[in-house]
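Structure first, then comments.
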There are 2 protein chains.
Amino acid sequence: MLIALDAVGGDRAPREPVAGALLATRELGLQVALVGPLEILREELARHGPVPSGIELVAAGEAIGMDEAPVQAVRQKKDASINVAMELVKQGTADAVVSAGNTGAVMTAALLKLGRVRGIERPAIGAMAPYNATGMLVLDVGANADCKPSYLEQFAQMGAVYMEQVFGVANPRIGLLNIGEEAVKGNELAVEAYTRLERSGLNFVGNVEPDRFHHGPADVIVTDGFTGNVAVKVTEGVADFLFSQLKTSIMSRLRYRLAALVLRPALLEMRSRLDYGEYGGAPLLGVNGVVIIAHGRAEAQAMMNALRVAGEAASSGMLDAFRALSAKPAPASAVQSTASTSAGTTA
Amino acid sequence: MLIALDAVGGDRAPREPVAGALLATRELGLQVALVGPLEILREELARHGPVPSGIELVAAGEAIGMDEAPVQAVRQKKDASINVAMELVKQGTADAVVSAGNTGAVMTAALLKLGRVRGIERPAIGAMAPYNATGMLVLDVGANADCKPSYLEQFAQMGAVYMEQVFGVANPRIGLLNIGEEAVKGNELAVEAYTRLERSGLNFVGNVEPDRFHHGPADVIVTDGFTGNVAVKVTEGVADFLFSQLKTSIMSRLRYRLAALVLRPALLEMRSRLDYGEYGGAPLLGVNGVVIIAHGRAEAQAMMNALRVAGEAASSGMLDAFRALSAKPAPASAVQSTASTSAGTTA
């Protein structure tokens, strides 16, 4: 198992990706190919003493910047670290790619080098929302701003496979993010997606309202990439806002400052419950290879988690299961659907 | 100034609406018509001693339930409290309606009794987000799940009027909720709405990303009713989730419990910063009358705030300004736009 790591991508590269790779080799026994300009990688590794045997270096150019136009940059910079990392997977040298770099560039490079799984209309980015023990996968969170109902059905199928194969969740519960409980609620996309999900043969538990989002009502929540991105980013924003407000309050009185010192661990724990990075990054599902997108600000621990999940996804049957999705005969799955749907909605 | 209050609508009716009305008459000198079954209103008022002169009673049937199908219920229950309240405004007896009842029913009753302002394509529900001194208006938060770009432009125009006329914000900053900063980012709706807003003559400050939503980047934020509802409800959900997590942490250790006692005021203040009710309810903009929707769980103080805002909106030039919107010559506003847009985006 070799994971190709875009070692120079992200806001904290190369420091955090390299530190994460070292953790992953030492603590998890993973093999990691650090991809980037060799002099940068060597300099960064030198800060850590002897290089473990699980680390390889693969020469590449600089990363594509966070603010660069993805499609153009991926096409023009053939030796960009993300392109070289994808090429390693394409050639069969590596089993998965992890990057904390420009999300659009990761997606573009994956589509150009690896392509889509046959039958999958659109790849989706899934975010692991940290609201229960195993986590909850929300997708799409940004790959497709405009979606058709059929995309959402495929997101649900891919999400179910991912949670089952990589996180060991049996018969994952699928929810549809929607602004009302009833089947007829929501926009046209949601109403049509509801009908499709009901007939999909998946364990569809119905609509999930946004204020229930954080109560773990499902294992997979599907939505279009615009709404999903809003939901995930609002969550980050609210948490930031609350903590900055609390900090201001605390600093206003000495007795608050003292009490806050005592409460610090509990407050940090509350904070970490909203940290998406804890759960190992966002999978790009539907491309012909395992690709995990880490948060641009991911630290070493989060990078290690992303590498771990990449390894687990690569050694699972995830990609084969994706490939089998479009091969499934529709009538059989429609028959199966009636039983599991009614079980799902009454659950 | 007489405000018609749906005294039996909402999860905490008649108790909180009636208590809010009493507060509003005593503290703000407003006149309030309590609308509902007289025996219920009299019984509730009896709990408060002598009835102030600012309170009137108007006989009506029960409220439309929170779970009833709005359109059907509003049409069938002619004497439902919300229908009678709207009728008071239609007849010119009352100047505004406030209700904490079924939102769909309030909207339907308003449309049937009062109708739309001529030229306004779709009414919108605005939520006052409590993130800075004056508050920020987000619309639409649920009236229109599917929107056209032209609706969003009108939401911006109505939002600007509301913030200017009712909250005294000069030249309100208009933002577009979107998943990227650049004009080309987002779904088709957002991209087209961006172009329209740029040319609208409004003080358009560009896209607002969801994680900046809580930092007061604009006075008015426009989006479709699906996304707006998700953004507002996710905010509520995250706050609930965080506080329940914190509570569990605090209860786990004695020293946390003691520290939390000291910090309690700061924690409650943090909590209240996310309380939409503080700012006086959600206006239904674009109908021929002043209609304010209070939160279904609104307490007396929040009900009083809603009544206050209803009074301020009714005595402002808001409705006349809405009526003037469609009368505006398009070319003049297009000329004005170029100057104020470039000022806005560089601000």
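Every heavy atom of this structure was used, including side-chain atoms; hydrogens, water molecules and symmetry mates were not. Residue numbering restarts at 1 for every chain, and letters A, B, ... go by the order of the sequence lines. None of these values were measured; they are calculated from a predicted model.
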Rounded to the nearest 0.5 Å, what's the gap from [atom1] on [X] to [atom2] on [Y]? Could you check?
X: B:Leu246; Y: A:Leu242; atom1: CG; atom2: CG; answer: 10.5 Å
X: B:Arg257; Y: A:Leu263; atom1: CZ; atom2: CG; answer: 12.0 Å
X: B:Thr235; Y: A:Phe241; atom1: OG1; atom2: CZ; answer: 10.0 Å
X: B:Gln245; Y: A:Leu267; atom1: CD; atom2: CG; answer: 12.5 Å

Pairwise side-chain contact, A:Val238 with B:Val234, heavy-atom cut-off 4.5 Å (strictly under): no
Region of A:Glu209 in contact with chain B, defined by heavy-atom distances below 4.5 Å: side chain
Chain B contact via A:Asn178 - which portion, at a heavy-atom distance below 4.5 Å: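 It is both, since atoms from each part get that close.
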Looking at [options], which has the largest count of heavy-atom pairs under 4.5 Å with chain A?
options: B:Asn187, B:Leu261, B:Asp211; answer: B:Asn187
options: B:Ile250, B:Asp240, B:Val230; answer: B:Val230
options: B:Gly180, B:Ser244, B:Cys147, B:Pro265; answer: B:Pro265
options: B:Leu258, B:Val262, B:Ile179; answer: B:Ile179

Among [options], which residue forms the greatest number of heavy-atom pairs with chain B at distances under 4.5 Å?
options: A:Ala190, A:Gly225, A:Ser252, A:Ala259; result: A:Ala259
options: A:Ala145, A:Gly186, A:Pro210; result: A:Pro210
options: A:Glu188, A:Lys185, A:Arg255; result: A:Glu188

